[in-house]
Amino acid sequence: MIVHQVFAQIYEGEVKNVMVCDNYELANWISRATYGNEAFAVDCLQYPCSNGDKYHDGSFYHIDPETNEEILIEYVPTQEEQVQELKSSNDELFIAMSDMIGGAYNA
């Protein structure tokens with residue numbers, strides 16, 4: 001259950017602020033009221049973005065201070081997604097081990 005939602009306020013391709021808000025519509029309204037009609041909100045709960053980062057083409061980017069290059073900010077899976085991924089990996093390992101020792105696995 002999600003209690004709070006986290007949104008990045010985007011204006012001119014830049015993360016201007018990261019805020020906690022009850023819902024997207026309110027976050028979007030606050031973004032437009034604060035930065036102008038071209039501003040918008042983007043759900044960023046699973047992305048470690050911060051003020052000054054860039055947003056375009058549906059992705060967040062951090063600017064490397066040494067090279068001034070954009071570095072993609074990777075999605076951080078939820079705990080539920082991580083558990084599901086581990087379960088899938090364990091199932092695959094179990095099947096592979098069964099095949100190696102000559103056993104049969106029936107799902």
Side-chain angles (χ1 to χ4, degrees):
M1 175 180 168
I2 296 176
V3 177
H4 296 290
Q5 293 178 305
V6 180
F7 296 93
Q9 293 178 293
I10 311 296
Y11 180 66
E12 295 183 344
E14 182 178 335
V15 176
K16 294 295 189 180
N17 191 27
V18 177
M19 67 176 176
V20 175
C21 199
D22 290 337
N23 60 66
Y24 170 75
E25 289 301 323
L26 181 58
N28 209 37
W29 182 84
I30 292 170
S31 297
R32 289 191 314 267
T34 304
Y35 299 104
N37 287 334
E38 301 301 315
F40 57 95
V42 176
D43 182 349
C44 66
L45 183 63
Q46 299 306 124
Y47 297 91
C49 65
S50 58
N51 297 359
D53 287 340
K54 302 297 179 188
Y55 180 82
H56 56 83
D57 302 323
S59 298
F60 291 98
Y61 298 87
H62 176 71
I63 303 299
D64 184 310
E66 293 180 14
T67 64
N68 208 33
E69 292 182 18
E70 290 185 349
I71 301 168
L72 179 66
I73 296 175
E74 297 289 334
Y75 174 83
V76 178
T78 65
Q79 289 180 344
E80 292 83 6
E81 290 169 334
Q82 291 175 14
V83 167
Q84 186 59 44
E85 185 177 323
L86 288 172
K87 283 182 179 180
S88 295
S89 294
N90 284 344
D91 288 346
E92 290 173 17
L93 287 172
F94 184 80
I95 292 169
M97 289 301 293
S98 292
D99 289 345
M100 287 179 67
I101 60 173
Y105 173 73
N106 295 320

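Side-chain heavy atoms closer than 4.5 Å link hydrophobic residues (I, L, V, M, F, W, Y) into clusters, and following such links, even through other members, never connects Ile30 to Leu45. Transitive grouping of hydrophobic side chains (ILVMFWY, heavy atoms separated by less than 4.5 Å) keeps Trp29 and Val6 in distinct clusters. Two different hydrophobic clusters hold Ile71 and Ile63 under the rule that ILVMFWY side chains link at heavy-atom gaps under 4.5 Å. Side-chain heavy atoms closer than 4.5 Å link hydrophobic residues (I, L, V, M, F, W, Y) into clusters, and following such links, possibly through other members, connects Tyr75 to Ile73.
Atom CG of Asp22 is surrounded by 12 or fewer heavy atoms from other residues, nucleotides or ligands within 6.0 Å.
Considering every non-hydrogen atom in both Cys21 and Ala27, the closest pair reads SG-N, 3.6 Å. Nearest heavy-atom pair across Cys49 and Val18 is O-CG2, 4.0 Å.
The aromatic ring centres of Tyr61 and Tyr55 sit 6.0 Å or more apart.
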For Ile10 and Val15, run side chain to side chain contact (heavy atoms under 4.5 Å, CB included): C-alpha distance rounded to whole Å, both residues' side-chain angles, the deciding distance at 0.1 Å, then the answer.
CA-CA 5 Å; Ile10 311 296; Val15 176; 3.7 Å; yes

Verify side chain to side chain contact (heavy atoms under 4.5 Å, CB included) between Gln5 and Asn23, making sure each step is shown before the conclusion.
CA-CA 7 Å; Gln5 293 178 305; Asn23 60 66; 4.1 Å; yes

Do His62 and Glu70 pass the side chain to side chain contact (heavy atoms under 4.5 Å, CB included) test, and can you show the C-alpha distance, the side-chain angles, and the key distance before you say yes or no?
CA-CA 6 Å; His62 176 71; Glu70 290 185 349; over 6 Å; no

Criterion side chain to side chain contact (heavy atoms under 4.5 Å, CB included) on Ser31 and Lys16, from CA distance to verdict
CA-CA 9 Å; Ser31 297; Lys16 294 295 189 180; over 6 Å; no

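The aromatic rings of Tyr24 and Phe7 sit tilted, their planes meeting at an angle between 30° and 60°.
Between atom CD of residue Glu74 and atom CD of residue Gln46 there is a gap of 13.5 Å, rounded to the nearest 0.5 Å.
Proximity of Thr34 to Tyr11: side-chain heavy atoms (C-beta onward) are nowhere separated by under 4.5 Å. In this structure, the side chains of Phe60 and Val42 come closer than 4.5 Å at one or more pairs of heavy atoms.
A donor-acceptor contact shorter than 3.5 Å is absent between the side chain of Asn28 and the backbone of Glu25.
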